[in-house]
Amino acid sequence: MTRPSDEQLRAILVDMVGARAQAGRLWNLQRQGQIGTLAPIDGHEAVVAATAHALDPASDWILPQYREPLALQRFGPEVLDQYMLYNIGHPDGSRLPPSVRVAPLQISLATQIPHAVGLAWGMTLRHQPGVTTVFFGDGSSSEGDFHEAVNLAGVLRAPVILLCVNNQWAISTPLHQQTAAESLADRAVGYGIPGVRIDGNDAAAVFDAVDEARQLALGGGGPTLIEANVYRLGAHTTADDPTRYVPAEDLRAARTNDPVHRLVSHLADLGLWDDGAQAEIEAAALVRIDEAFERAMARPLAADAVFDHCFLTDTPRIARQRATLLAAGPHGHSISPRSTDE
Amino acid sequence: MTRPSDEQLRAILVDMVGARAQAGRLWNLQRQGQIGTLAPIDGHEAVVAATAHALDPASDWILPQYREPLALQRFGPEVLDQYMLYNIGHPDGSRLPPSVRVAPLQISLATQIPHAVGLAWGMTLRHQPGVTTVFFGDGSSSEGDFHEAVNLAGVLRAPVILLCVNNQWAISTPLHQQTAAESLADRAVGYGIPGVRIDGNDAAAVFDAVDEARQLALGGGGPTLIEANVYRLGAHTTADDPTRYVPAEDLRAARTNDPVHRLVSHLADLGLWDDGAQAEIEAAALVRIDEAFERAMARPLAADAVFDHCFLTDTPRIARQRATLLAAGPHGHSISPRSTDE
Amino acid sequence: MSSTSELTMLQAINEALHGEMARDERVMILGEDVGHVGGVFRATEGLFEKFGEARVVDMPLAEGAIVGSAVGLAMAGLVPVVEIQFLGFSYQAMHQIVGQIARLRYRSQGRFEPAITIRAPFGGGVRTPELHSDSLEGQLANVPGLKVVAPATAADAKGLLAASVRDPDPVIFLEPLRGYRGIRGEVPNNDHVVPLGSARTARSGEDLVIVAWSHQVEVACRVADSLAKEGLSIAVLDLRSLVPLDIEAIAVAVDRCGRAVVIEEAAQTGGFGGEVVATIVEECFWSLEAPVVRVSGYDVPYPVGMLEDAYVPDEARITAAIRRTLETA
Amino acid sequence: MSSTSELTMLQAINEALHGEMARDERVMILGEDVGHVGGVFRATEGLFEKFGEARVVDMPLAEGAIVGSAVGLAMAGLVPVVEIQFLGFSYQAMHQIVGQIARLRYRSQGRFEPAITIRAPFGGGVRTPELHSDSLEGQLANVPGLKVVAPATAADAKGLLAASVRDPDPVIFLEPLRGYRGIRGEVPNNDHVVPLGSARTARSGEDLVIVAWSHQVEVACRVADSLAKEGLSIAVLDLRSLVPLDIEAIAVAVDRCGRAVVIEEAAQTGGFGGEVVATIVEECFWSLEAPVVRVSGYDVPYPVGMLEDAYVPDEARITAAIRRTLETA
Ligand SMILES: Cc1ncc(C[n+]2csc(CCOP(=O)(O)OP(=O)(O)O)c2C)c(N)n1
Ligand SMILES: Cc1ncc(C[n+]2csc(CCOP(=O)(O)OP(=O)(O)O)c2C)c(N)n1
Ligand SMILES: [Mg+2]
Ligand SMILES: [Mg+2]
């Protein structure tokens with residue numbers, strides 16, 4: 001077990017603080033109708049950022065659910081650009097360059113877990129070093145895909161880190177209606193793999209656990225199931241009103257354990273953090289997201305982009321449909337005002 | 001824990017011996033081309049028969065996989081008739097009268113597990129006493145349906161007994177390629193329910209475990225996951241050649257632990273069983289199955305039976321299809337020689 | 001006291017569910033987030049409070065088990081009404097829907113009654129994330145043992161949902177996302193049942209008939225109304241249910257008009273539009289004065305928000321198809 | 001030394017898999033019982049011995065994970081060839097097939113290449129248990145992003161499977177159960193690739209064309225041959241792939257004959273036959289001299305053994321449909 005150095009912790013906090021600032025900006029953009037529905041990261045900052053820092057962006061892969069992007073920027077600044085495109089509904093919103101080892105967001109819950117297992121397995125077969133890390137929620141852990149994939153990972157001893165972010169809620173469904181298990185990490189024994197339960201609000205603990213799982217996997221020891229306990233501090237998505245169902249006292253209690261505040265005060269105690277640093281970091285993060293938003297809005301979009309990348313080559317019928325759409329011109333279809341023809 | 005009485009054990013053995021004799025007859029009928037592919041029960045006799053005896057046919061339900069019917073006759077003699085109809089490919093092969101609390105065989109592996117949970121839940125809601133017991137194999141325990149259903153059972157505390165018959169094989173796939181878990185019963189903790197691992201070749205142990213799970217469920221204590229370890233002594237199905245993959249020495253070792261032989265020698269030691277009794281029971285079982293086969297072959301089948309029971313009332317299109325088939329007469333369709341028009 | 005009220009389709013659905021639960025105590029609601037918060041769209045609002053947590057159940061996030069346990073509930077004599085949060089996630093339960101629910105009666109040769117309704121929102125136009133807008137009705141209509149119902153008006157949403165819940169066979173009940181708040185109309189206050197399998201003439205006409213279902217009926221009616229100003233008489237036939245299909249109504253409408261356009265949001269290849277065209281050819285070949293044209297989604301995945309408007313059949317595409325069909329011969 | 005050998009379809013499939021694995025070391029085989037015993041039908045026989053357990057993998061019994069892990073393998077640059085033991089069990093993986101495999105390229109806008117082939121036996125006639133014989137090709141053809149291939153001869157099985165494995169996009173490769181041993185023919189010994197998307201004229205003819213695919217092509221040919229004795233000239237068009245669809249070949253054949261019958265084993269409503277009829281109407285309306293008739297399975301679940309022969313379209317039903325179509329007008 002390698003505890004993160006103070007420097008590493010500081011780098012993690014920079015990402016966490018940046019993510020939180022950017023999340024606030026996104027919330028406002030959504031409220032102004034500039035971007036679509038999205039799932040805020042609030043409360044997940046430590047588990048995501050510390051994981052990204054415990055991994056090696058040059059060899060390891062991350063397969064997110066949908067709440068993580070803002071804290072994954074260590075894997076490449078393109079993550080932010082992509083996320084902005086995603087949020088404005090641009091098809092490039094799920095494309096990252098080959099150098100960035102982050103998979104597209106996943107909407108169909110838990111389906112990314114077998115992908116991560118297959119990718120880890122494939123890397124082993126191709127003698128590529130590295131591990132894959134897949135994020136999924138407590139709710140997603142009830143899906144059959146979770147079970148099938150984790151069991152398969154155990155059989156294959158695939159180098160995959162199965163990271164369950166237990167934020168106690170799946171939209172309005174609390175954990176005790178999701179499962180009668182005391183801990184989701186307890187499921188590991190049923191797959192013959194190690195399972196650990198950690199405080200996901202403790203960035204150092206997350207870093208430790210991910211690092212240990214990574215070393216195990218790289219050494220051929222196979223997968224680890226990590227349950228990181230956090231609390232969803234915000235709404236499920238911008239379309240959700242959690243005050244309808246999240247008990248106010250629970251939320252209040254969770255806020256005293258806010259992962260950002262915890263790490264801020266830890267590093268402040270060490271003299272490694274202060275309000276000035278924080279303000280600077282927040283400001284820089286906001287500049288980055290505003291620029292990314294502008295780039296996204298200016299991103300070109302071909303009139304017939306709807307047909308691109310379905311197949312490598314259009315089938316005859318798609319080719320006809322493409323031609324018809326292009327021939328119909330402005331009256332044959334309408335593209336949303338934000339789009340720009342190439 | 002109530003150990004079965006000697007009388008109960010004897011009744012269980014009667015069913016086991018009968019099932020084994022009948023299985024032999026079925027094998028021959030299949031080899032003669034009289035019936036279709038089927039999955040022999042060999043090696044599963046104790047776990048199925050003892051379970052049936054630990055349950056109450058007047059209140060409890062059994063949801064089988066496909067290997068169990070011959071040892072489920074305690075739930076009603078109609079089980080045998082139905083199974084024969086099933087094996088000759090008659091549509092009534094999955095219909096049992098309302099008094100027999102046994103569900104149709106299940107071909108789509110593990111899909112019956114959520115059914116059992118739902119049925120148990122429904123019985124509770126309707127204030128009907130009783131439990132449901134669902135059989136499924138070690139292979140089937142890898143399916144997502146297993147996970148989703150057992151987790152749901154835990155949340156609902158449904159009165160269901162989840163009976164995994166671990167016969168070490170799923171067709172040609174041995175357990176260690178099925179899962180890295182040391183025991184399938186270990187999965188229970190991940191659902192917050194009790195899990196027990198038993199020797200499925202020991203009829204008394206099966207009876208005990210099922211009885212205990214049943215008492216727990218009836219008392220509102222919810223589900224139990226039971227892993228019963230046996231060994232598949234025969235082929236996967238009549239279409240399978242296990243000598244291609246089952247190690248001969250493993251099979252030899254397993255045969256020394258044959259559930260029928262074990263209970264025979266136990267009861268023989270107690271003076272409750274002898275060769276004469278066995279011969280009589282086998283002969284009676286064979287008479288029953290031969291009669292059932294004859295009844296099945298004589299079972300009428302309407303020329304348009306293919307349309308029956310899709311919906312309660314034919315849709316207009318089905319009504320037309322039915323009329324066309326009937327109008328086409330003998331040249332419009334052909335029914336297999338065994339069928340008889342009503 | 002008026003005998004109708006103006007409701008959105010969502011309100012009409014909610015009213016039908018209230019009515020059915022009050023009418024038959026075997027009716028239960030299962031789904032993700034359907035209880036305490038009344039559904040992500042509030043379709044089940046108020047049911048939890050009124051009928052209690054035993055009958056309105058927030059389920060774990062596992063579509064296979066939601067649908068699969070409904071099979072068991074039906075075996076126990078209950079009448080489950082399942083909400084799949086978005087139709088695209090019915091794929092997670094498709095083995096239970098196709099292999100189990102749709103065959104429960106058939107397999108048991110009538111012993112068990114699969115009186116199960118599966119409700120799910122679908123269809124485009126509201127800028128949802130992936131897999132939230134997919135139109136799968138053509139695939140579902142090919143599954144023997146399922147009925148497939150797709151209302152286009154608020155009144156039909158109430159009446160067809162009541163009929164679906166009361167139907168002894170499994171019904172997939174498809175609710176257009178755009179229609180939840182976008183479609184409104186007068187809805188009978190009292191018990192209102194629209195039998196499954198009868199199409200509705202949304203517009204009468206003589207020159208051409210548009211065959212449509214769900215949200216596209218409204219689009220078709222707008223097109224018909226606007227072409228009426230040019231003196232064209234365009235009928236709109238709202239199928240209301242794809243299975244059972246009202247073959248008779250299709251035949252009558254096409255025989256009268258001699259020309260037809262079929263519209264649907266799903267990908268063209270293999271969509272239900274092909275079934276409608278084939279049915280028209282079987283029934284009305286000699287009345288046809290022009291080829292039947294389909295206006296469909298394209299043969300690509302339902303796209304992201306910025307491309308939606310290019311994908312979903314709109315008034316311009318439908319109008320163009322109509323003009324082409326009318327100009328023929 | 002002859003350049004062809006007579007093989008069963010099963011042998012041809014096995015030969016194609018041997019060839020593709022030897023040709024491209026990225027090709028892997030995944031499935032239930034595909035390794036050690038070479039598949040329940042022996043389609044993968046000898047591969048395990050030849051290419052080893054790293055490339056020919058007996059997977060746990062979990063279709064979702066088999067298909068889902070193939071997505072990850074494809075992301076790693078491998079070329080998975082998945083066997084689903086029977087097509088009916090693809091429903092257990094449909095969320096991964098439709099939502100993931102079929103969209104991997106689209107979602108990533110070209111970053112990831114879903115060069116994945118899913119092989120599965122399907123179709124009736126061999127008295128299988130439930131869910132083993134279901135024909136789902138119409139439903140799969142409605143899924144954007146999937147190619148759907150269904151060979152009817154041994155040579156095509158080899159050539160189309162080779163093309164499918166080499167195709168950069170996901171292919172569902174459908175193998176007729178009855179054809180495994182029942183269909184045999186001359187198959188090129190050498191590398192043999194039949195491009196996806198081109199139909200095959202199985203019989204030439206002038207009076208009427210039967211459009212079919214997979215095992216029904218053989219039935220159609222028998223019908224054509226027997227009607228030839230009466231002096232009728234019946235063409236048989238073997239589609240070979242449903243997606244991409246060879247619209248051109250359909251149009252040429254129907255334009256020539258003016259009459260068409262479409263046959264398929266799936267339930268009629270919503271089956272791919274409707275798509276073929278709609279395509280014919282779009283392309284050849286003015287050539288049609290009679291309505292296009294479908295001969296399909298019935299709108300009920302694929303039945304148990306004793307009822308199979310009543311369900312599957314046979315020579316009598318097809319012949320009757322042809323006579324009806326020829327007598328028209
Ligand atoms: C297969 C599937 N079913 C349902 C949904 C709808 N849905 C979106 S998010 C969500 C809750 C997810 O909860 P969890 O996995 O705990 O993640 P969290 O949002 O709490 O981070 C649901 C039900 C979906 N996207 N996919
Ligand atoms: C969903 C599904 N996948 C695959 C199959 C094909 N199949 C039939 S039996 C079997 C093995 C089942 O093994 P197990 O559950 O251990 O039961 P056993 O036969 O050993 O009693 C397989 C793979 C099936 N019937 N259903
Ligand atoms: Mg959660
Ligand atoms: Mg087994």
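In the text below, chain A, chain B and the rest are named by the order of the sequence lines, each starting its count at 1. Everything quoted here is computed from the prediction, not taken from an experiment.
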Is the C:Phe89 ring parallel, tilted or perpendicular to the C:His132 ring (thresholds 30°, 60°)?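 Judged by the thresholds at 30° and 60°, the geometry between C:Phe89 and C:His132 is perpendicular.
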
Examine whether an atom of [X] lies under 4.5 Å from a heavy atom of chain A, and if so say whether it belongs to the side chain, the backbone or both; otherwise answer neither.
X        : result
C:Glu53  : neither
C:Val40  : side chain
C:Thr269 : both

Between [X] and chain C, with a heavy-atom cut-off of 4.5 Å, which part of the residue counts as in contact: side chain, backbone, both or neither?
X        : answer
A:Thr173 : both
A:Ile171 : both
A:Thr111 : side chain
A:Arg244 : both
A:Leu38  : neither

State, without any angle test, whether [X] and [Y] hold a side-chain donor-acceptor pair at a distance under 3.5 Å.
X        : Y        : answer
A:Tyr245 : A:Trp169 : no
C:Tyr311 : C:Glu265 : no
A:Thr179 : A:Arg187 : yes

Among the listed options [options], the residue most often paired with chain C at heavy-atom distances under 4.5 Å:
options                               : answer
A:Ala110, A:Ser108, A:Gly36           : A:Ser108
A:Ser140, A:Gly93, A:Ser142, A:Ser141 : A:Ser142
A:Asp240, A:Val306, A:Thr37           : A:Val306
A:Phe311, A:Tyr86, A:Tyr66, A:Phe307  : A:Phe307

Do the charged groups of [X] and [Y] touch, with an N to O distance under 4.0 Å?
X        : Y        : value
C:Arg222 : C:Glu218 : yes
A:Arg295 : A:Asp81  : yes
C:Arg259 : C:Glu327 : no
C:Glu83  : C:Arg42  : no
C:Glu308 : C:Arg127 : yes

Report the option among C:Glu32, C:Glu63, C:Met59 that has the most heavy-atom pairs separated by less than 4.5 Å from atoms of chain A.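 Between C:Glu32, C:Glu63, C:Met59, the count favours C:Glu63.
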
At a heavy-atom distance under 4.5 Å, which candidate from C:Asp33, C:Val300, C:Val304, C:Val312 has the highest pair count against chain A?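 Of C:Asp33, C:Val300, C:Val304, C:Val312, C:Asp33 has the most heavy-atom pairs under 4.5 Å with chain A.
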
